[in-house]
**Student:** 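Sending over a structure as structure tokens; questions will come in a sec.
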Amino acid sequence: TQSTWAARQVVRFLKKYQPRTKHEQAAEDKKIAALRAEGKNVVPKKKPPSVVAGVRCVTQTIQKARAQLVVIAHDVEPIEIVMFLPALCRKRNVPYVIVKSKAILGQIVYRKTCSCLAVTEFHPEDRGALNKLQEAARNNFNLRGDELRKHWGGGEMGKKSQAKMAAVEKAKQRDVTQRLS
């Protein structure tokens, strides 16, 4: 998981891109409706950039190459829900970060918990901050994927497996010698 300081930086960045609450959206809709009732031609504002929440939406943004940064919670239960995301991010070369709590991610999107988030759009003035987060994510997670994976058994097979492999090799050598003669 990400260190406490780096996790705070990620959360601070994500809070800038919180989606609008239901109350904010309703107030904006009422304001537009009132202006239209007065007869004014109102073009709705473009939706501000916000984070994408949930495994399904995050997966789609990664596959469509729109995700700039993916944030995954480590305490998701069952873990199989988000287990494939780091491999997908490495395959698509999308930087990802694993943080301590799904409750923290949930606060960003106004829910109790959230398993993962993705940043797709951002303000141009935040480009430098996003680049720093992406670089840290690549160094700490993407590039260290093989190193972080556990290696069991030291790569040595047991006696039964060694005997089976030896028998297979003998059979292959017999086939080759029969074909040559």
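One-based numbering along the sequence shown.
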**Student:** Is the shortest side-chain heavy-atom distance between Gln68 and Leu130 below 4.5 Å?
**Tutor:**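 Side chain of Gln68 against side chain of Leu130, heavy atoms only: contact under 4.5 Å found.
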**Student:** Could you give the distance from SG (Cys57) to CD1 (Ile62), rounded to the nearest 0.5 Å?
**Tutor:** 11.5 Å
**Student:** Would you find more than 12 non-hydrogen atoms of other residues, nucleotides or ligands less than 6.0 Å from Arg127 atom CZ?
**Tutor:** yes
**Student:** Got Glu24 and Glu28 here, is their nearest side-chain heavy-atom distance under 4.5 Å?
**Tutor:**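 No. Closest side-chain heavy atoms not under 4.5 Å.
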**Student:** Using a strict threshold of under 4.0 Å (side-chain N to carboxylate O), is an ion pair present between Arg66 and Glu121?
**Tutor:**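 Arg66 and Glu121: not salt-bridged.
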**Student:** Nearest 0.5 Å, please: how far is CD1 in Ile108 from CZ in Arg12?
**Tutor:** 12.0 Å
**Student:** Is there a path from Leu143 to Ile98 through hydrophobic residues (I, L, V, M, F, W, Y) whose side chains come within less than 4.5 Å of each other?
**Tutor:** no
**Student:** May I ask you to test the Leu117-Val109 pair for a side-chain heavy-atom distance under 4.5 Å?
**Tutor:**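 Contact flag for Leu117/Val109 side chains = yes.
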**Student:** Using the rule given for side-chain contact (heavy atoms from CB on, under 4.5 Å), can you reason through Val99 versus Leu105, listing the C-alpha separation, both sets of side-chain angles and the distance that settles it, and then say yes or no?
**Tutor:** CA-CA 9 Å; Val99 294; Leu105 297 183; 4.1 Å; yes
**Student:** Can Asp29 and Gln25 be said to form a side chain to side chain donor-acceptor pair (under 3.5 Å), step by step?
**Tutor:** CA-CA 6 Å; Asp29 290 345; Gln25 182 66 39; 3.1 Å; yes
**Student:** If you apply the rule side-chain contact (heavy atoms from CB on, under 4.5 Å), what do you find for Val11 with Ile104, and how did you get there?
**Tutor:** CA-CA 8 Å; Val11 170; Ile104 292 171; 3.5 Å; yes
**Student:** Could you tell me whether a side-chain N or O of Asn142 sits under 3.5 Å from a main-chain N or O of Asn93, the two making a donor and an acceptor?
**Tutor:** no
**Student:** Ignoring hydrogens, what is the shortest heavy-atom contact between Ala73 and Val82? Give both atom names and the distance.
**Tutor:**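 Shortest heavy-atom contact: O-CG2, 4.3 Å.
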**Student:** Which of these, Phe122, Phe13, Tyr17, sits in a side-chain contact (heavy atoms from CB on, under 4.5 Å) with Val51?
**Tutor:**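 When side-chain contact (heavy atoms from CB on, under 4.5 Å) is applied between Val51 and each of Phe122, Phe13, Tyr17, only Tyr17 qualifies.
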**Student:** Within the structure provided, determine whether Ser50 and Arg20 are in side-chain contact (heavy-atom separation under 4.5 Å).
**Tutor:** no
**Student:** So, does Ser161 use its side chain to make a donor-acceptor pair with the main chain of Met157 at under 3.5 Å?
**Tutor:** no
**Student:** Should Arg179 and Val176 count as side-chain neighbours, where that means a heavy-atom distance under 4.5 Å?
**Tutor:**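 Contact flag for Arg179/Val176 side chains = no.
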**Student:** Check Asp126 with Lys16, please: is the shortest side-chain N to carboxylate O separation under 4.0 Å?
**Tutor:**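 Counted as a salt bridge, because a side-chain N and a carboxylate O are separated by less than 4.0 Å.
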**Student:** Less than 4.5 Å apart, side chain to side chain, heavy atoms only: is that true for Val71 and Val10?
**Tutor:**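 A side-chain contact under 4.5 Å exists here.
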**Student:** Do the side chains of Leu14 and Tyr110 join up, straight or via other hydrophobic residues, at under 4.5 Å, putting them in one cluster?
**Tutor:**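 No, because Leu14 and Tyr110 fall into different hydrophobic clusters, even though each may have its own neighbours under 4.5 Å.
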**Student:** Given side-chain contact (heavy atoms from CB on, under 4.5 Å), test Tyr96 with Arg90 step by step and report yes or no.
**Tutor:** CA-CA 8 Å; Tyr96 70 94; Arg90 269 189 246 108; 3.5 Å; yes
**Student:** Are any of the side-chain heavy atoms of Cys114 and Lys102 separated by less than 4.5 Å?
**Tutor:**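 Counting from C-beta outward, Cys114 and Lys102 never come under 4.5 Å.
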**Student:** Do the non-hydrogen side-chain atoms of Ser101 and Asp75 ever get within less than 4.5 Å of each other?
**Tutor:**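 They are in contact (side-chain heavy atoms under 4.5 Å apart), so the answer is yes.
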**Student:** How long is the gap from CG on Leu85 to SG on Cys116, to the nearest 0.5 Å?
**Tutor:**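 Between atom CG of Leu85 and atom SG of Cys116 there are 5.0 Å.
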**Student:** Nearest 0.5 Å, please: how far is CG in Leu88 from CD in Gln63?
**Tutor:** 5.5 Å
**Student:** Just how far is it from atom NE2 of His74 to atom CD1 of Ile79, taken to the nearest 0.5 Å?
**Tutor:**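 Interatomic distance, His74 NE2 to Ile79 CD1, rounded to 0.5 Å: 8.0 Å.
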**Student:** Could you walk me through whether Phe84 and Val55 pass the side-chain contact (heavy atoms from CB on, under 4.5 Å) check?
**Tutor:** CA-CA 10 Å; Phe84 69 95; Val55 176; 3.8 Å; yes
**Student:** Please report the interatomic distance CG(Leu69) to OG1(Thr120), rounded to the nearest 0.5 Å.
**Tutor:** 11.0 Å
**Student:** Is a side-chain N or O of Arg36 found less than 3.5 angstrom from the main chain of Asn41, in a donor-acceptor match?
**Tutor:** no
